[in-house]
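Only one structure is covered here, and it is reproduced in the block below.
Keep in mind that this is a model prediction, so the values were computed, not measured.
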Amino acid sequence: MKAFEKLVLTHLKEITGPLLDPLQFANRSVDDAVNMGLLYVLQHLDRSRTYVRILVCGLQLGTSDPYVKFKLDGKTLYKSKVVYKNLNPVWNETFSFPIRNLDQKLFIKVYDRDLTTDDFMGSCGVELNKLELENSEMVLPLDDPNSLEDDMGVIIIDICLSVRDGKNKKHRWAQRKKRSLMGSTTEHNKRLTESMKKSQLWTGVYTITLVEGRDLPLDGQADVFVRFKLGDQKYKSKSQLKKVNTQWRERFDFNQFPDMSTILEIEVVGKGGRRYEDCYGQCEIDLSGLPLNESTLFTHELDPGRGRVVFLVTPTPCTGASITDLVAPPLEEPHERDNMLVKYSFKNSLKDLRDVGFLQVKVIKATDLMAADLNGKSDPFCVLELGNNRLQTHTIYKTLNPEWNKVFTFPVKDIHEVLEVTVFDEDGDKAPDFLGKVALPLLSIRNGQQVACPLRKENLGGLSKGTIVLELEVIFNSIKASIRTFTPREQKFMEDNAKFSKKVLARNVLRVRNLYRAVCHANQFIKSCFQWDCIIMLLHYDCIFSGIKCSGLSVKIGHSYALFLGIHKFTKKLRNPYAIENSEVMDFLSRVPSDVQMAQYTELSSCSFHSPNRRRKASP
């Protein structure tokens, strides 16, 4: 046994040595980790009638969100629900479908669900003419020709054939078709909605404030930044010039999902050039036991001699996000609208200043979409984004006029945010194809009116094909919204990499030129004011003195406001030592849209309006 142990141990180290990262095993080395794994294997082999299979599968640590598609003759017969965060999913779903020809092969494909691209995890096939009339459990190995892994896992199904009675065949087929148009679609949509709720709807928010780094080494890289990761959410702080006590003072939010990991990963990195990075240390925090609505201060040590990182975490519950059917929107439930109006009324202006308002979006349908498939149809689904919050509809297959009939609600943190609604075409395991997009500022929403918005291109520069029918309603507190305007704007987690554009460069050069001309013109005007003749100046003295008297009240008001602003600015650190430093004027100006953004936003005044009452009367 000792010779076998040495042989296997040598072989494992040769294979895994260049692949494993010592940081994955905490304080153990790679050799210790391999030795420990082999010890468990040998202990298992000591038992009778046991075997062990050792797999090196690319070291894909983590989980997947698998679902299954059943295809016959190129058509999708059934799509299972998504089992989240699991490598050993259990579906327990049953379905049936008619077969006219047994000389066909049923393909079973497994995918890993993602909001944008679904990863292919393997497939298998079943010859229908080899099936029996009784239930038979089949263990089918998955295969992927493009993968280097020999073992892709297995899928277990229970499948059988049944003979159909020929009597009343046409009548039963008509009834089944009618049920498929009425009941089956509703049940399928409900199943998809329930499965998507688990992955999309957040139940709370973790507010993280990155304060500073202490006792950082001055040697090495010139800049330093911090990476945060919670589940699939990532945030990277700004790069700061490294000092002994580097100050960041940044605040951001991570959403809390029901089945998501609560381990917050923090990494402090020194940056040198474009590619070289030096890790100063990593740490992990379990957020599950933190008290709600209370800020907890963390000071964690980095690698020996590399300093410490200081940050705050504040968990708060959130109930503003939901996905429902069009027949039961939240604001039309009994007393729900009254509760929202009371929650965001004037008397509650100083409660929870970060909760500004509530947005309800009815995604009704789209018409005349672009054909993305070879059959002249598309498989459209819709994605709604408000800041860093993102929700998604189900997919409707093979149509250019989909009707989703879903209602989405968002908590509003900033009334100056823009709602982006994007329509994609689902393309299996490939990246979805873009069909159209609209951008709607919250301040331009007209409550309770259905609007048909023309879809735009991906850069919002020109019109695309098709329109989307929405009904929006926003309820917010004006005092909270005004206070939020003078605080730093929330940054998006995933920013698109800016590409070089000659048009953007020419536009920026033109802006600089116009600004330089304006400064020169103002300078000349100021000089001309001091070159007046004495007679002209005497004639204007009376006007100047009268203007000073009339503006005395304005000067007093301005002086009082400046005094209040100064007291607020200089006492901020005393009232909150970890407050975020900001310039209220710059934060206010950051909410003002540019001319390019104004052209990109969809003006609801230019959209065609639909009357929801007429639509309800027309429907049976």
Checklist entry - In chain order, what residues pass the salt bridge (charged side-chain N to carboxylate O under 4.0 Å, His left out) check against Lys343, with sequence neighbours excluded? => result Asp355

Checklist entry - Does the side chain of Ile208 reach to within under 4.5 Å of the side chain of Leu312, using non-hydrogen atoms? => result no

Item to check | Intermediate values then yes/no, side chain to side chain contact (heavy atoms under 4.5 Å, CB included), Val309 and Tyr280 | outcome: CA-CA 10 Å; Val309 61; Tyr280 289 166; over 6 Å; no

Item to check | Distance in Å, Lys229 NZ paired with Lys236 NZ, rounded so as to fall on 0.5 Å steps | outcome: 15.5 Å

Checklist entry - So do Arg354 and Asp253 actually touch side chain to side chain, heavy atoms under 4.5 Å? => result yes

Next on the checklist: Looking at Ser64 and Pro66, would you say the former's side chain and the latter's main chain have a donor-acceptor pair under 3.5 Å?
Outcome noted: no

Checklist outcome for this item: Nearest heavy-atom contact between Val418 and Pro441 is CG1-N, 4.0 Å

Item to check | salt bridge (charged side-chain N to carboxylate O under 4.0 Å, His left out) partners of Arg306, counting only residues at least two apart | outcome: Asp278

Checklist entry - By side chain to side chain donor-acceptor pair (under 3.5 Å), which residues pair with Thr485, not counting sequence neighbours? => result His416

Checklist entry - Is there a donor-acceptor pair closer than 3.5 Å between any side-chain N or O of Asp112 and the backbone N or O of Asp65? => result yes

Next on the checklist: Quick check for you: to the nearest 0.5 Å, what is the distance between Phe257 atom CZ and Gln233 atom CD?
Outcome noted: 5.0 Å

Checklist entry - Can you list the residues that meet the side-chain contact (heavy atoms from CB on, under 4.5 Å) rule with Pro330, with sequence neighbours excluded? => result Ser322, Thr324, Gln360, Val407, Thr409

Item to check | Neighbour count >12 (heavy atoms, 6.0 Å) for atom CG, Asp232 | outcome: no

Checklist entry - Out of curiosity, Leu353 CG to Ile483 CD1, how far, rounded to the nearest 0.5 Å? => result 5.0 Å

Checklist entry - Does the side chain of Trp404 come within less than 4.5 Å of Cys382's, by heavy atoms? => result yes

Next on the checklist: Applying side-chain contact (heavy atoms from CB on, under 4.5 Å), can you list everything that pairs with Glu250, at least two apart in sequence or on another chain?
Outcome noted: Tyr235, Ser237, Lys238, Trp248

Checklist outcome for this item: Tightest non-hydrogen contact, residues Ala439 and Leu460, listed as CB-CD1, 3.9 Å

Checklist outcome for this item: In this structure, CG of Asp433 is separated from CZ of Phe424 (nearest 0.5 Å) by 10.0 Å

Checklist entry - Run the side chain to side chain contact (heavy atoms under 4.5 Å, CB included) check on Lys406 and Asp325 step by step: do they pass? => result CA-CA 5 Å; Lys406 293 295 177 183; Asp325 292 326; 2.4 Å; yes

Next on the checklist: With side chain to side chain donor-acceptor pair (under 3.5 Å) as the criterion, how do Asn255 and Asn389 come out once you've worked through the C-alpha distance, each side chain's angles and the decisive distance to 0.1 Å?
Outcome noted: CA-CA 8 Å; Asn255 291 334; Asn389 298 331; 3.1 Å; yes

Checklist entry - For the atom pair CZ (Phe476) and CZ (Arg484), what is the distance rounded to the nearest 0.5 Å? => result 14.5 Å

Checklist entry - Are side-chain heavy atoms of Leu472 and Asn447 found at a separation under 4.5 Å? => result no

Checklist outcome for this item: Here the pair of heavy atoms bringing Ile415 nearest to Ala481 is CG2-CB, 3.7 Å

Next on the checklist: So, using side-chain contact (heavy atoms from CB on, under 4.5 Å) as the criterion, who are the partners of Glu426 when residues are at least two apart?
Outcome noted: Lys69, Lys79, Asp379, Phe381, Thr395, Tyr397

Item to check | CG on Leu359 to CG on Leu442, rounded to 0.5 Å | outcome: 6.0 Å

Checklist entry - Is the ring centre of Phe228 less than 6.0 Å from the ring centre of Phe252? => result yes

Checklist outcome for this item: Across all chains, not counting sequence neighbours, the salt bridge (charged side-chain N to carboxylate O under 4.0 Å, His left out) partners of Arg227 are Glu267, Glu277

Checklist entry - Can you tell me if Thr316 uses its side chain to pair, donor with acceptor, with the backbone of Val205 under 3.5 Å? => result yes

Next on the checklist: Could you check whether any side-chain heavy atom of Phe311 comes within less than 4.5 Å of a side-chain heavy atom of Val226, counting everything from C-beta outward?
Outcome noted: no

Checklist entry - Taking only residues two or more places apart in sequence, or in another chain, which ones meet Glu336 in a side-chain contact (heavy atoms from CB on, under 4.5 Å)? => result Glu333, Asn339, Met340

Item to check | Any Leu455 side-chain heavy atom under 4.5 Å of Leu463 side chain | outcome: no

Item to check | Verdict with supporting geometry, Lys437 and Glu420, salt bridge (charged side-chain N to carboxylate O under 4.0 Å, His left out) | outcome: CA-CA 7 Å; Lys437 183 177 183 180; Glu420 295 183 358; 3.4 Å; yes

Checklist entry - Residues in salt bridge (charged side-chain N to carboxylate O under 4.0 Å, His left out) with Glu473, at least two apart? => result Arg337

Checklist entry - Can you name the nearest heavy-atom pair linking Cys453 to Leu440, along with the distance? => result SG-CD2, 4.3 Å

Next on the checklist: Tell me whether Ser464 contacts the main-chain N or O of Leu435 through its side chain, where contact means a donor paired with an acceptor under 3.5 Å.
Outcome noted: yes

Next on the checklist: Could you report the tightest heavy-atom contact between Gly461 and Arg456, atom names first, then the distance?
Outcome noted: O-NH1, 4.2 Å

Next on the checklist: Please evaluate residues Leu384 and Arg390 with respect to the criterion side chain to side chain contact (heavy atoms under 4.5 Å, CB included), reporting the C-alpha separation (whole Å), side-chain torsions for both, the decisive distance (0.1 Å), and the verdict.
Outcome noted: CA-CA 6 Å; Leu384 295 86; Arg390 176 178 180 144; over 6 Å; no

Item to check | Nearest heavy atoms of Lys480 and Asp352, plus distance in Å | outcome: NZ-O, 3.3 Å

Item to check | Check against salt bridge (charged side-chain N to carboxylate O under 4.0 Å, His left out), Lys242 and Asp223 | outcome: CA-CA 5 Å; Lys242 186 168 61 175; Asp223 295 336; over 6 Å; no

Checklist entry - Yes or no on side chain to side chain contact (heavy atoms under 4.5 Å, CB included) for Phe254 and Leu264, after CA distance, side-chain angles and deciding distance? => result CA-CA 10 Å; Phe254 277 156; Leu264 176 66; 3.9 Å; yes

Checklist entry - Heavy-atom distance under 4.5 Å between the side chains of Asn348 and Asn477, does that happen here? => result no

Next on the checklist: According to ring-ring contact (aromatic ring centres under 6.0 Å, His included), who are the partners of Phe588, at least two apart in sequence or on a separate chain?
Outcome noted: Phe486

Item to check | Asp414 side chain reached by Val356 side chain, heavy atoms, under 4.5 Å | outcome: no

Can you give each donor-acceptor pair under 3.5 Å made by side-chain atoms of residues 287-305, sequence neighbours left out, with the distance rounded to 0.1 Å?
{"from": "Ser288", "atom 1": "OG", "to": "Asp286", "atom 2": "OD1", "distance (Å)": "2.9"}
{"from": "Ser288", "atom 1": "OG", "to": "Asp286", "atom 2": "OD2", "distance (Å)": "3.2"}
{"from": "Ser295", "atom 1": "OG", "to": "Thr314", "atom 2": "OG1", "distance (Å)": "2.7"}

Checklist entry - Applying ring-ring contact (aromatic ring centres under 6.0 Å, His included), which residue pairs with at least one partner in residues 339-360 are found, sequence neighbours left out? => result none

